[in-house]
Amino acid sequence: MKNKQSMSNLADFSSRLIAWQKIHGRHDLPWQNTQDPYAIWVSEIMLQQTQVTAVIGYYAKFMARFPDIASLANATQEEVLQHWSGLGYYSRARNLHNAAQTIMDDHDGKFPQDFEKIQTLSGIGRSTAAAIASFAFQQNQTILDGNVKRVLARHFVIEGWTGTPKIEKQLWALAESLVPKQDMVAYTQGLMDLGATICTRSKPKCERCPIKASCQALAKNKTKELPTSKPKKTIPQKQTTMLLILDGNEVMLEKRPASGIWGGLWSLPEISMEEIASEVALGRFSLEVESEEPLESIQHVFTHFKLEILPQPLSVTNRTRQTNIPNTIWLPIEEAIGAALPTPVRNILLHLKR
DNA sequence: AACTCGGGGAC
DNA sequence: GTCCCAGAGTT
């Protein structure tokens, strides 16, 4: 009897979610109310590991500058990164740019509709491909993002960290079994909306949940313990000195390697703790400089390490400026702030301006 | 299976 | 401070 009741509610999972989304879900986000696969694609990439509120400001500017696939494909990586500067995970921008060129070259400039082909584009994995296929083409493909993992882990009491391949496999199978035959847009949006507004990480609003009747975590009073949190480990603390090489109002920027942290962005030249700033300036850049008092150090936190940045101002004394140093440019501070910079570097320059 | 990729919102 | 977000790619 109890099992029968439960099964009956499980069958209603999707229809209840759809009905709820149409009334209580989000309908006015900047990337909604369109079927343009490009507009949806850009939003999905920006939203990877990034909250809606952080994306909104970037999305409008990005779409204004790159309104379609062709304009993005024809832009320089420099300008694409410039519009991504501050948003983080810059490989997303590089992959987006690369994929736009792939679509121009291999798909006649039209975003592919085939689910497998969508996934071959750089930066688009299984979940993002499903979101695009669902929103843009009404295909019955399921997403599995952080929201969905949390909703499913609670609703069906899936124990264990959702990041392990074993648990992920379970969740994918579960998610696929719940995909409805119609109303894919409302369903996919409903999964995201439920996780973002009702089935939140802390203090879920279970009273207002459309599928509370079949939620096993709620029945067993386990919503607080689920989903199982990621095992934490201590992250290393690193240090670096960034050279603020100043010639009058201009600062020298150095382009970072294409891969690795802040890949492809403009940053300040870095030296190790053992090196002496003025010697490096002379050795690497043939610049005679005078060291100023270091600025206050900045503590920057990444996912997997902490970085203490010591900004070291240096004023150039031999005014014969070197212009042919590879991967470097001189820019007035005001202009440099608008370049494709990592956030802490921008903050240093903003501090300098004052 | 573990690690690498940012920055910020919410608590 | 902690946790994790409309994850994907690499090792």
Side-chain angles (χ1 to χ4, degrees), chain A residues 25-26 29-32 40-59 81 84-96 98-99 118-135 141-151 153 161-169 171-172 175 188-197 199-204 224 227-236 256-265 267 298-307 340-347:
Chain A
R26 298 172 291 184
L29 296 171
W31 43 86
Q32 289 183 300
I40 294 165
W41 171 35
V42 171
S43 77
E44 291 302 328
I45 300 301
M46 283 193 173
L47 287 160
Q48 286 172 358
Q49 296 292 284
T50 309
Q51 293 181 324
V52 167
T53 53
V55 165
I56 286 180
Y58 284 84
Y59 185 75
L81 285 173
W84 210 272
S85 175
L87 194 56
Y89 282 168
Y90 299 96
S91 64
R92 295 184 295 176
R94 300 194 301 267
N95 286 333
L96 190 68
N98 177 61
I118 295 174
Q119 287 185 70
T120 67
L121 298 169
S122 351
I124 302 183
R126 185 172 171 183
S127 186
T128 299
I132 297 169
S134 169
F135 287 137
Q141 304 288 353
T142 192
I143 58 168
L144 187 65
D145 59 25
N147 287 319
V148 184
K149 286 180 178 177
R150 185 170 54 254
V151 169
W161 178 45
T162 58
T164 65
K166 179 188 171 185
I167 304 295
E168 274 211 357
K169 196 177 172 186
L171 293 172
W172 272 114
T188 304
Q189 189 65 50
L191 279 177
M192 295 170 169
D193 292 350
L194 191 71
T197 65
C199 197
T200 47
R201 183 166 64 83
S202 57
K203 297 183 181 177
K224 201 172 178 181
T228 306
S229 60
K230 176 183 177 177
K232 59 176 169 183
K233 37 183 145 181
T234 56
I235 59 177
R256 297 186 60 86
S259 63
I261 202 83
W262 297 331
L265 272 62
S267 188
I298 295 172
Q299 184 66 250
H300 195 72
V301 182
F302 296 95
T303 309
H304 48 299
F305 67 94
K306 298 177 185 175
L307 185 65
L341 304 175
T343 294
V345 173
R346 173 167 291 106
N347 287 340

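In what follows, every chain begins at residue 1, and chains take the letters A, B, ... in the order their sequences are listed.
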For [X], report the nucleic acid contact type (base, sugar-phosphate, nothing); a contact means any heavy atom under 4.0 Å.
X        : answer
A/Arg94  : nothing
A/Val55  : nothing
A/Gln32  : nothing
A/Trp84  : nothing
A/Lys149 : nothing

Expressed as a whole number of angstroms, how long is the span from [X]:[atom1] to [N]:[atom2]?
X        : N     : atom1 : atom2 : result
A/Ile132 : C/dA6 : CD1   : C1'   : 11 Å
A/Tyr59  : C/dC5 : OH    : P     : 22 Å
A/Ile56  : C/dC5 : CD1   : P     : 18 Å
A/Trp161 : C/dC3 : CH2   : C1'   : 13 Å
A/Asn98  : C/dA8 : CG    : P     : 16 Å
A/Ile45  : C/dC5 : CD1   : P     : 17 Å
A/Asp193 : C/dC5 : CG    : P     : 15 Å
A/Leu96  : C/dA8 : CG    : P     : 13 Å

Between [N] and [M], how far apart are the two [atom1] atoms, rounded to whole Å?
N      : M     : atom1 : value
B/dC5  : C/dC5 : C1'   : 15 Å
B/dG8  : C/dA8 : P     : 23 Å
C/dT11 : B/dG6 : P     : 15 Å

- Item | Student check: side-chain heavy atoms of A/Tyr89 and A/Asn95 closer than 4.5 Å | no

4.5 Å side-chain heavy-atom contact, A/Gln141 and A/Arg126:
no

Of A/Lys232 and A/Arg126, the one whose nearest nucleotide on DNA chain C sits closer to the 5' end is A/Lys232

Mind checking side chain to side chain contact (heavy atoms under 4.5 Å, CB included) for [X] and listing every partner two or more places apart, or none if nothing turns up?
X        : value
A/Lys166 : A/Thr164, A/Gln170
A/Ala129 : A/Phe115, A/Ile118, A/Gln119, A/Ile124
A/Ala196 : A/Arg26, A/Asn147
A/Tyr59  : A/Pro30, A/Trp31, A/Ala39, A/Val42, A/Ser43, A/Met46, A/Val55, A/Met63

task: With sequence neighbours left out, write down each residue that passes salt bridge (Lys or Arg N to Asp or Glu O under 4.0 Å) with A/Arg150, or none if nothing qualifies.
output: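 If we apply the salt bridge (Lys or Arg N to Asp or Glu O under 4.0 Å) test to A/Arg150, skipping adjacent residues, there are no hits.
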
Across all chains, not counting sequence neighbours, the salt bridge (Lys or Arg N to Asp or Glu O under 4.0 Å) partners of A/Arg92 are none

Polar-atom pairs under 3.5 Å, protein N or O versus N or O of nucleotides 9-11 of chain C: list them with distances, or write none.
residue: C/dG9; atom: OP1; partner: A/Gly123; partner atom: N; Å: 2.5

_Residues that A/Phe302 engages under ring-ring contact (aromatic ring centres under 6.0 Å, His included), provided they are two or more places apart_ =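 Result, ring-ring contact (aromatic ring centres under 6.0 Å, His included) vs A/Phe302: A/Trp262, A/His300, A/Phe305.
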
With sugar-phosphate taken as primed atoms, P, OP1 and OP2 and all else as base, the protein-contact string of nucleotides 4-11 of chain B at under 4.0 Å (heavy atoms; B, S, -) is SBBBSB-S

When A/Asp145, A/Ile143, A/Ile132 are each screened for side chain to side chain contact (heavy atoms under 4.5 Å, CB included) with A/Glu44, the one that passes is A/Ile132

